[in-house]
Number of protein chains: 2
Amino acid sequence: MTRRHNRTRAERGIPEATVARLPVYLRALHSLQERGVATVSSEELATAAGVNSAKLRKDLSHLGSYGTRGVGYEVEYLVYQISRELGLTQDWVVAIIGVGNLGRALAGYGGFASRGFRVAALLDADESVVGERISGLTVRHIDDLESVVAEQGVSIAVLATPAAAAQSLCDRVVAAGVTSVLNFAPVVLSVPEGVDVRKVDLSIELQILAFHEQRKAGGPGEGGWAGELDGPGDRPRGEGPPGTKQYIEAVEA
Amino acid sequence: MTRRHNRTRAERGIPEATVARLPVYLRALHSLQERGVATVSSEELATAAGVNSAKLRKDLSHLGSYGTRGVGYEVEYLVYQISRELGLTQDWVVAIIGVGNLGRALAGYGGFASRGFRVAALLDADESVVGERISGLTVRHIDDLESVVAEQGVSIAVLATPAAAAQSLCDRVVAAGVTSVLNFAPVVLSVPEGVDVRKVDLSIELQILAFHEQRKAGGPGEGGWAGELDGPGDRPRGEGPPGTKQYIEAVEA
DNA sequence: CGGACTTTGTGCGCGTGTTCACAAAGGCTT
DNA sequence: AAGCCTTTGTGAACACGCGCACAAAGTCCG
């Protein structure tokens, strides 16, 4: 441990994996705070967050040296430090684009406001929805997107539209100056350099679960590949693609 | 490339990172299929899926050798192979626990059925919701959870409940035999060995976006760390935790 | 005031995932 | 049938993240 200047830490670079866990730690800390806990050890906090304690300590060390050896971390202080690092000490203005089932659910989700996210606008293309009041907001028409973004100072756009509309709406919000997008539409968005996109895809999550579930039940497509090493029925490798032969057979197997 | 037996591929182990991308490829392939495209190169498919082409080829190589050099991949065949690997050639029975805003949105989400996921049950603890018909299903009372799981053969549970209820409901579905859980509640679930849990957390995604957004705007807490190398106002490292001194100052900064 | 005890912060080795770059394979043209 | 062109499949180097294990640092008690 080279003492020296106290800048040994990541100058600017907190690992992405760490950033993704900070919100989890923060939640655990809030929970502790509510229970009146003032101090917590890395071991306890790690358990609450569902991670390894060494990983937690290393994560926190990227923010600075905020623990006390022999004691642990002061909950309130840590809450503040993580909040500041994540940018939660300031307010973020969010616009939700698309007020279908999902958009409504998001508009009513309480987890946003409590974290410094202020849903300031709901927009939709459907005339029959425009004007409706949802969770204290009046739905605006998508034509007003640019002006709403400007007026409200929107910095994060949440796309909860059908897949077909997502890319063009994304282009519009980006053109309007938004540089962070949370995308619920099942499409890969392409955005210019400097714009961040995060994707939430329900169907992909289920598919990943299905993969593991299938594995537990034993091999792909049911039945697995009995004799892998040789003999007939070997894995179709370079079998010459879809002659429609063993392809169809496999379908019916 | 050592020819030999054609088992050089992962015997049973497809990397987790690859599994997470297969659904994305699958979606891109479906899109191509709808447009009547019969053959696609790794370069084209990679672009459509938003990944590097080498990565895509390596991912696909884990499933087998399904391409034709000089040509590319046959779309229909690849769709089938990926579907089979992910276990989408069979039906998966899904139960949604918690019929609030989010649960309703999920119940109405079309992206499930089209991928072999059949929502077979909706459950809630709120008497005033039980009996209601949503998306063709009648909401059952949570007391019936065990019997519903057994009767319908539920293999995947989707938790869309408040945080406080999630763990105990998770315990119940696991006890009832479910081994895959998709959790929307903002808590870390603990489950026994052999049970898979995937988490979708809206607020975490926003917090990660906020972190990057803040960074673009220049440093944490606004203002960044002007002189990092020396002088006063240096990064609080080992400054002795919350003496409440510069902690409070920073809050008001 | 000193020593025992607790807990942090991190060096280090390991495994996983990503990317480059290229030889081999197949199709296509002449 | 021979050679050219395209594209796959993968070896190898590199980057990243994880977790162990431990020294350093601090607390607390006698």
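In this text the structure is predicted, and so the values were computed from the model without any measurement. Labels below follow one simple rule: chain letters A, B, ... track the order of the sequence lines, proteins then strands, and each chain is numbered from 1. Computed over heavy atoms, backbone and side chain alike; hydrogens, waters and symmetry mates excluded.
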(request) Output yes when a side-chain donor or acceptor of Lys216(A) lies under 3.5 Å from a complementary backbone atom of Thr179(B), and no otherwise. (result) yes
(message) Please enumerate all residues that pass side-chain hydrogen bond (donor to acceptor under 3.5 Å, both in side chains) together with Asp171(B), with sequence neighbours excluded.
(response) Gln167(B)
(request) Starting at the 5' end of nucleotides 16-23 of chain C, put B wherever the base has a protein heavy atom under 4.0 Å, S where only the sugar-phosphate does, and a dash everywhere else. (result) -SSBBB--
(message) Checking Tyr25(B) now: which residues fulfil ring-ring contact (aromatic ring centres under 6.0 Å, His included) with it, not counting sequence neighbours?
(response) none
(message) Whether Tyr73(A) contacts dG9(C) is assessed here as follows: a side-chain N or O lying under 4.0 Å from the phosphate OP1 or OP2. Is that the case?
(response) yes
(request) Mind running side-chain hydrogen bond (donor to acceptor under 3.5 Å, both in side chains) on Arg57(B) and Ser42(B) for me, showing each step along the way? (result) CA-CA 6 Å; Arg57(B) 287 197 297 277; Ser42(B) 64; 2.9 Å; yes
(request) May I have the distance from His62(A) (atom NE2) to dT8(C) (atom P), rounded to whole angstrom? (result) 17 Å
(message) Can you measure Leu63(B) atom CG to dG9(D) atom P for me and round it to whole angstrom units?
(response) 10 Å
(message) Restricting to side-chain hydrogen bond (donor to acceptor under 3.5 Å, both in side chains), what partner residues turn up for Asp91(A), sequence neighbours left out?
(response) none
(message) Counting only side-chain nitrogens and oxygens, does Tyr66(A) get under 4.0 Å of the OP1 or OP2 atom of dT7(C)?
(response) no
(message) If we ignore hydrogens and angles and just use 3.5 Å, is the side chain of Asn183(B) paired with the main-chain N or O of Val187(B) as donor and acceptor?
(response) yes
(message) I need the residues from residues 29-47 of chain B with at least one non-hydrogen atom less than 4.0 Å from DNA chain C; give them sorted by number, or say none.
(response) none
(request) Return yes if some donor-acceptor pair links the side-chain N/O of Thr18(B) with the main-chain N/O of Ile14(B) below 3.5 Å, else return no. (result) no
(message) Tell me every residue that passes salt bridge (Lys or Arg N to Asp or Glu O under 4.0 Å) with Glu44(B), counting only those two or more places apart in sequence or in another chain.
(response) none
